[in-house]
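A short worksheet on the structure shown next.
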Amino acid sequence: MTSRSVLITGCSSGIGYALAMEFKRRGWQVIVTARRPEALQELIKQNFITEKLDVTSFDEVAEVCRKIRSAHGALDMVINNAGYGLIAPIMEIPPEEMLKQLQTNTVAPLEIARRCAAAMKEKGHGTIVNIGSVSGILTTPFSGAYCASKAALHAISDALRMELAPFGIKVVTVQPGGVQSAFAAHAARKLETLFPERSWYQPIRQFVSDRVHASQEKAMPAQEFARKLVTELEKPDPKPIIRLGSKSKLLPFLKWTLPVSFSDRILMKKFGLRELEERLKGKREGL
């Protein structure tokens, strides 16, 4: 019996790496990608099929998908995991950085899905899995760019799920909460380049930095996340939306139950905006 095949993007660490290991443990043929080939050395040592792929390059996406189809036929599953978090005051993010965020987290998954769906259509079945985030449901201060990219991905997934159903192609949206990964480390490095000396938020810089690390508070180990997610994805009829990880159910609940003004107050206090507001009020009043 031929093993089922899965393509996973963004496998250098974290969720992507853990998913690759879990799928292989269960007997799948796993094709992994990363923007930098050297980041896949550990997986190469374990005989994974690897491909260099910058998901923001349409040419590379087309070539890798063509190569995979030629060598392995139609995939059974594609997991759009590659992405990153742009954490900074959204008003101070240069437009070119905003475009990069959307290109990586939103446009690229759609292009990969489009390229892989043609072969799935011919075969009459397949599954496309888009890794979104609870941040695409509940927007928090200083993560507006990331939240926007994931909210848009959720909407794209909803449309794909309905539009591809007649062709036997399932679409699953995964909305993780906190999962242990290099997310915070990458976001922190990016923040250093984006936080200007004259930022409006300089007085509460520490709160902005704290937002970078919020997703890692009591985060679920990536291996546990992968084990639970693959179990769900292997079901004949997986749920259209899967939430796993720290606060993955709590944050959507708060979004849908609390009045907006109340949740705004909570989040503004948590991330220092109430403190900034009081400081500015004091200055205006000459205190």
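Quick caveat: nothing in here was measured; it's all calculated off a predicted structure.
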Do you know which two heavy atoms are closest between [X] and [Y], and how far apart they sit?
X: S12; Y: A39; result: CB-CB, 3.4 Å
X: I90; Y: G144; result: CD1-C, 3.6 Å
X: R227; Y: R26; result: O-NH2, 3.1 Å
X: C11; Y: L43; result: O-CD1, 3.6 Å
X: T104; Y: P109; result: O-CD, 3.5 Å
X: P94; Y: L194; result: CD-CD2, 3.8 Å

Fill in: Residue pair R69, E122: steps toward the side chain to side chain contact (heavy atoms under 4.5 Å, CB included) verdict
CA-CA 12 Å; R69 182 172 183 178; E122 289 180 11; 2.6 Å; yes
Item to complete: Please lay out, stage by stage, how L254 and L250 fare under the test side chain to side chain contact (heavy atoms under 4.5 Å, CB included).
Response: CA-CA 6 Å; L254 295 178; L250 173 62; 4.1 Å; yes
[X] side, atom [atom1]; [Y] side, atom [atom2] - distance, nearest 0.5 Å:
X: S135; Y: H154; atom1: OG; atom2: NE2; result: 8.5 Å
X: E234; Y: L229; atom1: CD; atom2: CG; result: 10.0 Å
X: L138; Y: W256; atom1: CG; atom2: CH2; result: 10.0 Å
X: K100; Y: N105; atom1: NZ; atom2: CG; result: 13.5 Å
X: I204; Y: R279; atom1: CD1; atom2: CZ; result: 8.0 Å
X: L153; Y: S133; atom1: CG; atom2: OG; result: 10.0 Å

Looking at side-chain heavy atoms only, is the closest gap between [X] and [Y] below 4.5 Å?
X: F207; Y: K270; value: no
X: K190; Y: E97; value: yes
X: I8; Y: V6; value: yes
X: W200; Y: P89; value: no
X: V174; Y: L244; value: no
X: M77; Y: V129; value: yes
X: S209; Y: F195; value: no
X: E22; Y: Q223; value: no

Worksheet entry | Verdict with supporting geometry, I49 and V30, side chain to side chain contact (heavy atoms under 4.5 Å, CB included) | CA-CA 7 Å; I49 302 168; V30 186; over 6 Å; no
Item to complete: Supply the members, apart from L99, of the Ile/Leu/Val/Met/Phe/Trp/Tyr cluster built from side-chain contacts under 4.5 Å; use none for a lone residue.
Response: none
Worksheet item: Apart from V107 itself, which Ile, Leu, Val, Met, Phe, Trp or Tyr residues share its cluster (side-chain heavy atoms under 4.5 Å, direct or through members)?
Response: F58
Report whether [X] and [Y] are members of the same hydrophobic cluster (ILVMFWY, side-chain heavy atoms less than 4.5 Å apart, transitive linking).
X: L273; Y: V208; value: yes
X: M21; Y: I31; value: no
X: L233; Y: V179; value: yes
X: V64; Y: L40; value: no
X: L110; Y: I68; value: yes

Fill in: Selection residues 11-46 - residue pairs positive for ring-ring contact (aromatic ring centres under 6.0 Å, His included), sequence neighbours left out
F23-W28
Discussion item. Please list all pairs meeting ring-ring contact (aromatic ring centres under 6.0 Å, His included) that have one or both residues in residues 104-144, counting only residues at least two apart or in different chains.
Written reply: F142-Y201
Using the side-chain hydrogen bond (donor to acceptor under 3.5 Å, both in side chains) rule, collect all pairs that involve [range], keeping only residues at least two apart or in two chains.
range: residues 241-252; value: Q175-R243
range: residues 109-119; value: E111-R114, E111-R115
range: residues 78-91; value: N80-N130

Worksheet item: Taking NZ, NE, NH1 and NH2 as the nitrogens, is one of them in K52 or E60 under 4.0 Å from a carboxylate oxygen of the other?
Response: yes
Fill in: K281 bridged to E277 by N-O distance under 4.0 Å
no
Practice prompt. Dump the intermediate steps for side chain to side chain donor-acceptor pair (under 3.5 Å) on T56 and D54, then the final yes or no.
Written response: CA-CA 5 Å; T56 66; D54 177 352; 2.7 Å; yes
Mark yes or no for whether [X], through its side chain, and [Y], through its backbone, hold a donor-acceptor pair below 3.5 Å.
X: K150; Y: A145; answer: no
X: S199; Y: P196; answer: no
X: E275; Y: K269; answer: no
X: S70; Y: K67; answer: no
X: Q101; Y: L86; answer: yes
X: Q46; Y: E42; answer: yes

Discussion item. With side chain to side chain donor-acceptor pair (under 3.5 Å) as the criterion, how do R4 and T127 come out once you've worked through the C-alpha distance, each side chain's angles and the decisive distance to 0.1 Å?
Written reply: CA-CA 11 Å; R4 291 171 290 180; T127 303; over 6 Å; no
Worksheet item: So L164 and I128, side chain to side chain contact (heavy atoms under 4.5 Å, CB included) or not? Walk me through it.
Response: CA-CA 10 Å; L164 294 179; I128 295 167; 3.9 Å; yes
Would you mind listing every salt bridge (Lys or Arg N to Asp or Glu O under 4.0 Å) that reaches into [range], with sequence neighbours excluded?
range: residues 75-96; result: D76-K123
range: residues 159-168; result: D158-R161
range: residues 196-214; result: E192-R205

Review item, side-chain donor-acceptor pairs of residues 258-265, under 3.5 Å, at least two apart:
residue : atom : partner : partner atom : Å
S263    : OG   : V260    : O            : 3.0

Worksheet, complete the sentence: With sequence neighbours left out, the residues meeting side-chain contact (heavy atoms from CB on, under 4.5 Å) with T33 are L7, T9, E51, L53
Worksheet item: So with a 6.0 Å cut-off around CZ of R274, is the heavy-atom count from everything else above 12?
Response: yes
